[in-house]
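Encoded as structure tokens, the structure appears first; notes follow it.
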Amino acid sequence: MKLTKLLPAVALVVASHSAHAAYQLNVSIALSPQDPIAQAMESAKQAIEERSEGELTIQIFPNSQLGSDEDVIEQIRSGANIAILVDAGRLSEYQPELGILSAPYLVEDHRDYSQITTSPLYLDWVEGLAESSGLRLLNYNWFQGSRQMLTQNEVNTPEDLNGVRVRTINSPVWVKTIEAMGATPTPLPWSEVYSALQLGSIDGAEAQLTAAEGQNLHEVITHVALTNHIHLMTGIATSEQWYQALPDELRSILDEELLNAGDAASQATSDAQASVRERMEAAGVTFSEVDMEVFRDRVGSVYEELGYDQYRDQLLSSE
């Protein structure tokens with residue numbers, strides 16, 4: 001069998017590398033190995049390798065070891081045998097409508113996303129993304145947790161965020177959301193957040209509790225405001241070119257096991273929220289319950305500015 005050279009910086013990479021293991025997939029995630037998402041990915045790796053009898057092997061790279069999401073996505077678009085765990089906000093650069101999946105207060109519960117991701121409208125967007133950018137979104141059922149405000153000072157209202165530099169993801173829907181909530185959005189790679197907080201170059205971050213604990217952010221912040229502004233659901237994107245070149249049987253195995261792992265990871269993440277909060281409180285972090293309706297009212301402008309109003313109605317009314 002012809003050997004295919006492996007690329008050095010990959011997220012989910014598949015390449016021919018031996019007479020038996022015809023394909024290899026390297027997975028890049030920004031989270032720590034202890035995160036429920038990373039652990040579920042390890043389980044998916046084992047299931048895929050067992051079911052494919054070694055034809056498809058997986059290698060996982062946590063903590064953004066393969067580089068920034070932006071760099072990894074560009075490698076995928078160039079046809080590399082790579083995949084990445086990514087939110088739809090980042091994918092909106094290539095398929096603008098997908099950005100609504102990262103919009104604030106879109107759903108009441110992360111389980112509501114299952115209705116969205118089985119709708120004809122969403123499925124059309126997935127195909128459009130593949131055709132226009134070379135990115136194949138395999139599934140979108142990896143719940144990473146609800147996003148909260150992590151700061152040095154107590155936050156109860158949007159006014160408390162005035163002038164507060166808050167790290168967020170570098171995409172329009174995320175930046176506009178944090179701005180509408182009252183803070184100054186400051187995009188940074190996730191791997192740089194701890195040092196930026198420690199050095200004072202930012203005043204806070206918005207993140208889910210499991211990821212915050214994985215990066216030890218409880219050491220460099222003192223308050224968490226439970227805004228729940230985004231229920232962060234993410235998906236796995238890979239190269240459309242590579243995906244279509246996979247044998248049908250391996251493609252089915254990959255799809256099925258990643259979907260199963262996403263469901264398992266979502267449940268584990270949901271179950272972990274309370275215990276993470278307890279550990280952070282024991283470390284000295286103060287949690288504040290806020291009036292979410294006040295923040296919800298503030299972010300309505302995000303839908304209007306990005307033209308998401310019509311899509312929200314269609315997605316949530318789909319049968």
Side-chain angles (χ1 to χ4, degrees), residues 1-33 35-88 90-91 94 117 126 129-130 133-142 144 233-266 268:
M1 181 173 291
K2 182 179 178 182
L3 298 180
T4 302
K5 183 179 179 181
L6 288 177
L7 297 175
V10 283
L12 268 169
V13 177
V14 182
S16 302
H17 74 291
S18 75
H20 180 63
Y23 303 91
Q24 181 187 334
L25 184 63
N26 296 338
V27 187
S28 173
I29 59 176
L31 303 167
S32 73
D35 192 278
I37 296 280
Q39 294 175 3
M41 197 75 76
E42 286 288 349
S43 297
K45 162 189 167 69
Q46 295 175 17
I48 290 167
E49 292 177 353
E50 288 175 6
R51 285 186 60 189
S52 70
E53 297 181 345
E55 284 292 314
L56 175 54
T57 59
I58 309 293
Q59 189 171 8
I60 301 168
F61 295 87
N63 291 325
S64 300
Q65 291 175 8
L66 299 176
S68 69
D69 288 354
E70 290 81 4
D71 289 343
V72 171
I73 287 171
E74 283 309 307
Q75 291 182 59
I76 295 172
R77 294 189 66 213
S78 69
N81 44 355
I82 301 174
I84 186 170
L85 187 71
V86 66
D87 75 278
R90 295 188 192 276
L91 299 177
Y94 313 103
T117 57
V126 170
L129 177 70
S133 70
L135 293 167
R136 166 59 61 176
L137 187 54
L138 300 179
N139 55 50
Y140 203 80
N141 67 324
W142 297 75
Q144 293 194 24
M233 193 68 76
T234 51
I236 295 175
T238 190
S239 162
E240 170 72 352
Q241 178 182 334
W242 170 76
Y243 181 74
Q244 295 301 336
L246 267 184
D248 290 345
E249 183 179 1
L250 294 184
R251 195 185 306 158
S252 296
I253 290 172
L254 182 68
D255 289 342
E256 292 167 8
E257 294 303 333
L258 289 178
L259 188 66
N260 291 339
D263 287 342
S266 297

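Since we're looking at a predicted model, the values are computed, not measured. Sequential numbering from 1 along the given sequence is applied to the chain's residues.
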Quiz item: Stepwise, does the side-chain contact (heavy atoms from CB on, under 4.5 Å) test hold for Gln244 with Arg136?
Solution: CA-CA 9 Å; Gln244 295 301 336; Arg136 166 59 61 176; 3.9 Å; yes

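Atom CE in Met41 sits 6.0 Å away from atom CD1 in Ile60 (nearest 0.5 Å). For the atom pair CG of Asp69 and CD1 of Ile84, the computed distance is 4.0 Å after rounding to the nearest 0.5 Å. Expressed to the nearest 0.5 Å, how far CD1 of Ile76 lies from OG of Ser28 amounts to 8.5 Å. Between the CG atom in Asp263 and the CH2 atom in Trp142 there is a gap of 9.0 Å [rounded to 0.5 Å]. The distance from atom CZ of Arg77 to atom CD of Gln241, rounded to the nearest 0.5 Å, is 12.5 Å. Ile48 contributes atom CD1, which lies 10.0 Å from atom CD of Glu256 (distance to the nearest 0.5 angstrom).
Residues Met233 and Asn141 share a closest heavy-atom pair of SD-C, 3.5 Å. Closest approach of Ala38 and Ile29 over heavy atoms only: CB-CD1, 3.6 Å. Here the shortest heavy-atom pairing between Gln65 and Phe61 reads OE1-CD2, 3.5 Å. Shown here for Pro33 and Asn63, the closest heavy-atom pair between the two residues is CD-ND2, 3.6 Å. Annotation for Tyr23 and Pro247: closest pair OH-CD, 3.4 Å, computed over non-hydrogen atoms. Of all non-hydrogen atoms in Ser133 and Tyr94, the two that sit nearest each other are CB-CB, 3.7 Å.
With Gln144 as reference, Thr234 is the one residue of Asp35, Thr234, Asp87 to meet the side-chain hydrogen bond (donor to acceptor under 3.5 Å, both in side chains) rule. With Tyr243 as the partner, the side-chain hydrogen bond (donor to acceptor under 3.5 Å, both in side chains) test is satisfied by one option alone out of Thr238, Asp255, Asn81: Asp255.
The side-chain heavy atoms of Leu137 and Ile236, taken from C-beta on, include no pair separated by under 4.5 Å. Side chains of Glu240 and Leu135 form no contact here, defined as non-hydrogen atoms less than 4.5 Å apart.
The pair Lys45-Glu257 does not meet the salt-bridge criterion, since no charged nitrogen lies less than 4.0 angstrom from a carboxylate oxygen.
Remark: Glu74 CD is packed, more than 12 non-hydrogen atoms of other residues, nucleotides or ligands lying under 6.0 Å away.
Distance alone, capped at 3.5 Å, is enough to place a donor-acceptor pair between the Arg251 side chain and the Leu246 backbone.
Between the side chains of Gln46 and Glu42, no donor-acceptor pair of N or O atoms lies under 3.5 Å.
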